[in-house]
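Values below: every heavy atom of this structure, side chains too, minus hydrogens, waters and symmetry copies. Just so it is clear: chains get the letters A, B, ... in the order the sequence lines come, proteins before strands, and each one is counted from 1.
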Amino acid sequence: MLKLYNSLARTPQEFVPIEPGRVRMYVCGMTVYDYCHLGHARVMVVFDMVARWLRASGYNVTYVRNITDIDDKIIRRAAEKGESIRTLTDRFIAFMNEDAAALGVLRPDAEPRATEFVPQMLDIIGKLERNGYAYAAGNRDVCYSVRKFAGYGKLSGKSIEDLRAGERVDVQEGKQDPLDFVLWKHAKESEPAEAKWDSPWGAGRPGWHIECSAMSSQLLGPHFDIHGGGQDLQFPHHENEIAQSEGAHGDTFVNYWMHNGFVRVDDEKMSKSLGNFFTIREVLKQYDAEVVRFFILRAHYRSPLNYSDAHLDDARQALTRLYTALKGFDGVAAVDWHEAHAQRFRAAMDNDFGTPEAMEVLFDLAGEVNRTGDAKAAAQLKALGGVLGLLQRPAVEFLQAAPASGMSNEAIDAQIAARIAAKKAKNFADADRIRDELKAAGIVLEDGPAGTTWRRA
RNA sequence: GGCGCGAUCGCAUAGUGGCCGUGCAACGGAUUGCAAAUCCGUCUACCCCAGUUCGAUUCUGGGUCGCGCCUCCA
């Protein structure tokens with residue numbers, strides 16, 4: 001049975017769905033005004049893995065990952081580029097989808113855009129107002145009165161008093177309390193019509209947190225199983241979501257909160273504000289997308305993940321070992337869950353999505369394939385890899401996958417033919433020269449019983 | 001200042017109260033015309049100090065160092 005670490009309880013808990021056999025999961029996705037970076041890649045890959053494992057475990061999963069397509073940065077970026085908000089966000093949504101697909105991330109069941117759920121947001125704000133949690137601030141914003149919500153801080157482990165003590169927040173005009181957050185921002189002259197919606201509180205646009213309360217309750221109901229996102233969203237974003245959703249619906253919002261760890265560069269968080277980020281497409285110019293996915297899944301989802309070329313190179317070598325074992329076994333394979341490796345794999349995954357341990361099983365299987373040539377072990381390796389969204393290509397395709405620049409396959413084949421001729425003539429000096437030249441070009445030749453094959457080093 | 005996380009073999013990442021981690025790299029051997037791949041073997045780690053225990057890398061307390069959140073951020 002599955003145990004997962006619940007951020008809310010700060011401890012691993014047995015997973016019990018609200019409705020037997022069914023899982024409803026919501027994950028905070030991207031704000032679409034720029035290319036996705038590796039941090040975004042991690043969220044997408046991690047929760048893709050979670051959804052896959054839940055499905056492999058027999059659950060009927062409804063997975064929603066939202067898209068934030070209206071906020072300060074988007075408005076500013078669109079203005080800078082001299083284009084409409086919609087044009088900007090449409091473009092980056094398309095880029096995001098390309099990146100996700102490359103990384104083997106399956107489409108969530110729904111990818112709602114914030115701008116399409118404004119009525120639902122207004123509905124929640126209305127309920128909050130009637131329940132006494134919302135108030136119209138002096139500057140015509142509508143704010144949430146944090147002190148009115150008894151459970152405030154339960155997710156992040158913060159108390160209102162501590163937050164006040166360490167207060168570094170600019171006190172925005174109109175707020176009754178510095179910790180209050182905005183539900184509805186009143187429209188400003190400078191903002192485009194595209195960023196304004198009518199509301200009972202005047203024209204304006206949604207605050208950051210309200211969209212997730214609205215979209216999740218609309219698509220999954222007011223009470224659902226799993227809510228995920230990056231660790232940096234735990235506070236204030238998720239804390240505020242709880243305050244909004246529970247304040248409006250009077251119901252428990254989410255049973256299990258999951259937060260993935262950061263991607264780091266030189267032991268520092270990779271982030272937009274630090275400017276130390278690598279975009280996914282930047283990295284994909286240098287590394288195969290499956291290597292990146294493998295790299296992400298090789299670490300536990302809650303651990304920090306240090307990014308560097310050396311680590312990606314290492315991941316590439318490791319994945320190469322797996323694919324090398326799969327050479328010659330390119331059939332479609334289903335998992336035999338009764339088999340011992342599969343059971344270890346399951347136990348690892350059931351232990352808070354222990355992908356690093358699950359991968360050890362993959363390497364054990366690879367060793368067995370190499371030792372025995374057992375087709376069943378190879379099939380099991382490929383099938384279990386598939387549960388993680390890995391190892392599904394023909395092995396040769398991975399091993400020969402061309403980097404941006406490199407020798408063409410035709411040129412390589414020609415050289416190999418020349419070498420074979422040289423070997424036949426016992427002209428080993430020429431044969432070795434060809435081997436060395438190819439090696440210098442990043443091509444490794446492997447002479448086997450079935451002839452010469454090659455791969456890219 | 002408040003709250004939280006982490007410190008494991010050369011590198012990276014798991015995990016466990018006593019016995020096999022795993023990948024990469026390195027070294028030796030087998031194999032190969034030479035290689036590569038593969039196999040066998042070697043290298044046998046757990047920040048420091050106390051405590052609990054027959055026994056701690058694993059539990060408890062203290063310390064040191066690193067990181068994160070408290071502000072937009074996946």
Counting only side-chain heavy atoms from C-beta out, which of [options] sits nearest to [X]?
{"X": "A:Ala299", "options": "B:A12, B:A14, B:G33", "answer": "B:A14"}
{"X": "A:Asp162", "options": "B:C40, B:A74, B:C3", "answer": "B:C3"}
{"X": "A:Phe235", "options": "B:C70, B:G23, B:A36", "answer": "B:C70"}
{"X": "A:Asn370", "options": "B:C34, B:U38, B:U22", "answer": "B:U38"}
{"X": "A:Arg435", "options": "B:C40, B:C34, B:C69", "answer": "B:C34"}
{"X": "A:Arg321", "options": "B:G2, B:C39, B:A74", "answer": "B:C39"}
{"X": "A:Glu446", "options": "B:A37, B:A74, B:C34", "answer": "B:A37"}
{"X": "A:Arg264", "options": "B:C67, B:A74, B:U22", "answer": "B:C67"}
{"X": "A:Glu268", "options": "B:G68, B:A74, B:A35", "answer": "B:G68"}
{"X": "A:Pro236", "options": "B:C70, B:A74, B:A35", "answer": "B:C70"}

| message | Quick check against the 3.5 Å criterion: does A:Arg346 have a side-chain atom that pairs as donor or acceptor with the backbone of A:Met1? | response |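 Absent.
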Separation of atom [atom1] in [X] from atom [atom2] in [N], rounded to whole Å:
{"X": "A:Arg10", "N": "B:C69", "atom1": "CZ", "atom2": "P", "answer": "17 Å"}
{"X": "A:Gln317", "N": "B:A12", "atom1": "CD", "atom2": "P", "answer": "17 Å"}
{"X": "A:His341", "N": "B:U22", "atom1": "NE2", "atom2": "P", "answer": "12 Å"}
{"X": "A:Lys423", "N": "B:A36", "atom1": "NZ", "atom2": "P", "answer": "14 Å"}
{"X": "A:Gln234", "N": "B:C5", "atom1": "CD", "atom2": "C1'", "answer": "11 Å"}
{"X": "A:Asn240", "N": "B:C72", "atom1": "CG", "atom2": "P", "answer": "9 Å"}
{"X": "A:Met359", "N": "B:C24", "atom1": "CE", "atom2": "P", "answer": "13 Å"}
{"X": "A:Phe294", "N": "B:C24", "atom1": "CZ", "atom2": "P", "answer": "9 Å"}

Query - Geometric class of the A:Phe277/A:His37 ring pair [parallel <30°, tilted 30-60°, perpendicular >60°] - result: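 Because their plane-to-plane angle lies in the 30° to 60° range, the rings of A:His37 and A:Phe277 count as tilted.
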* Would you call the rings of A:Trp257 and A:His238 parallel, tilted or perpendicular if under 30° counts as parallel and over 60° as perpendicular? ->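 Correct class here is tilted.
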Strand partner of [N], provided both Watson-Crick or wobble distances fall under 3.5 Å:
{"N": "B:A12", "value": "B:U22"}
{"N": "B:U53", "value": "none"}
{"N": "B:G1", "value": "B:C70"}
{"N": "B:U64", "value": "B:A7"}
{"N": "B:U38", "value": "B:A30"}

Under-3.5 Å donor-acceptor pair between [X] side chain and [N] base:
{"X": "A:Asp432", "N": "B:G33", "answer": "yes"}
{"X": "A:Asp314", "N": "B:G23", "answer": "yes"}
{"X": "A:Arg419", "N": "B:G33", "answer": "yes"}
{"X": "A:Asp71", "N": "B:C72", "answer": "no"}
{"X": "A:Lys158", "N": "B:C70", "answer": "no"}
{"X": "A:Glu360", "N": "B:G21", "answer": "yes"}
{"X": "A:Arg42", "N": "B:A74", "answer": "no"}

When you compare [N] with [M], how far apart are their [atom1] atoms, in angstrom units rounded to a whole number?
{"N": "B:A14", "M": "B:A7", "atom1": "P", "result": "9 Å"}
{"N": "B:A45", "M": "B:G10", "atom1": "C1'", "result": "11 Å"}
{"N": "B:G4", "M": "B:C19", "atom1": "P", "result": "33 Å"}
{"N": "B:U60", "M": "B:C5", "atom1": "P", "result": "12 Å"}
{"N": "B:G17", "M": "B:G1", "atom1": "P", "result": "35 Å"}
{"N": "B:C40", "M": "B:G21", "atom1": "P", "result": "15 Å"}
{"N": "B:C67", "M": "B:C47", "atom1": "C1'", "result": "15 Å"}
{"N": "B:G2", "M": "B:G15", "atom1": "C1'", "result": "33 Å"}

Pick the nucleotide of RNA chain B nearest each of A:Glu368 and A:Ser271; which residue has the one closer to the 5' end?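 Nearer the 5' end of the strand: A:Glu368.
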Q) Taking for each residue the nucleotide of RNA chain B with the nearest heavy atom, is it A:Ser273 or A:Arg371 whose nucleotide lies nearer the 5' end? A)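 Mapping each residue to its closest nucleotide by heavy atoms, the 5'-most match is A:Arg371.
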Phosphate oxygens OP1/OP2 of [N]: is one of them under 4.0 Å from a side-chain N or O of [X]?
{"X": "A:Ser156", "N": "B:C3", "result": "no"}
{"X": "A:Lys327", "N": "B:U38", "result": "no"}
{"X": "A:Arg455", "N": "B:A36", "result": "no"}

Check the surroundings of atom NZ in A:Lys376: do more than 12 heavy atoms from other residues, nucleotides or ligands lie under 6.0 Å from it?
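For A:Lys376, atom NZ is not crowded (no more than 12 foreign heavy atoms under 6.0 Å).
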- Give a yes or no on this: more than 12 heavy atoms of other residues, nucleotides or ligands lie within 6.0 Å of atom NZ of A:Lys272.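 More than 12 heavy atoms, drawn from other residues, nucleotides or ligands, come within 6.0 Å of this atom.
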_Exactly one of A:Met25, A:Arg24, A:Glu111 should register a side chain to side chain contact (heavy atoms under 4.5 Å, CB included) with A:Tyr63. Which one does?_
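Only one of A:Met25, A:Arg24, A:Glu111 forms a side chain to side chain contact (heavy atoms under 4.5 Å, CB included) with A:Tyr63, namely A:Met25.
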Ring-face cation contact, A:Tyr5 with A:Arg302, 6.0 Å cut, 45° max |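 Relative to the ring axis of A:Tyr5, which defines the angle, A:Arg302 lies inside both limits.
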Would you classify [X] as touching base, sugar-phosphate or nothing, given that sugar-phosphate means primed atoms plus P, OP1 and OP2, and contacts are heavy atoms under 4.0 Å?
{"X": "A:Asp72", "result": "nothing"}
{"X": "A:Val27", "result": "nothing"}
{"X": "A:His37", "result": "base"}

Mind listing the closest non-hydrogen atom pair of A:Ala457 and A:Val444 along with its distance?
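That closest heavy-atom pairing would be CB-CG2, 3.6 Å.
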- request: Kindly confirm whether the side-chain ring of A:Phe363 is stacked on the base of B:G23, judged by centres under 5.5 Å and planes under 30°.
  value: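 Aromatic stack with B:G23 absent for A:Phe363.
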Is there side-chain contact between A:Ile296 and A:Met44, with at least one heavy-atom pair below 4.5 Å?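 No, every pair of side-chain atoms sits at 4.5 Å or beyond.
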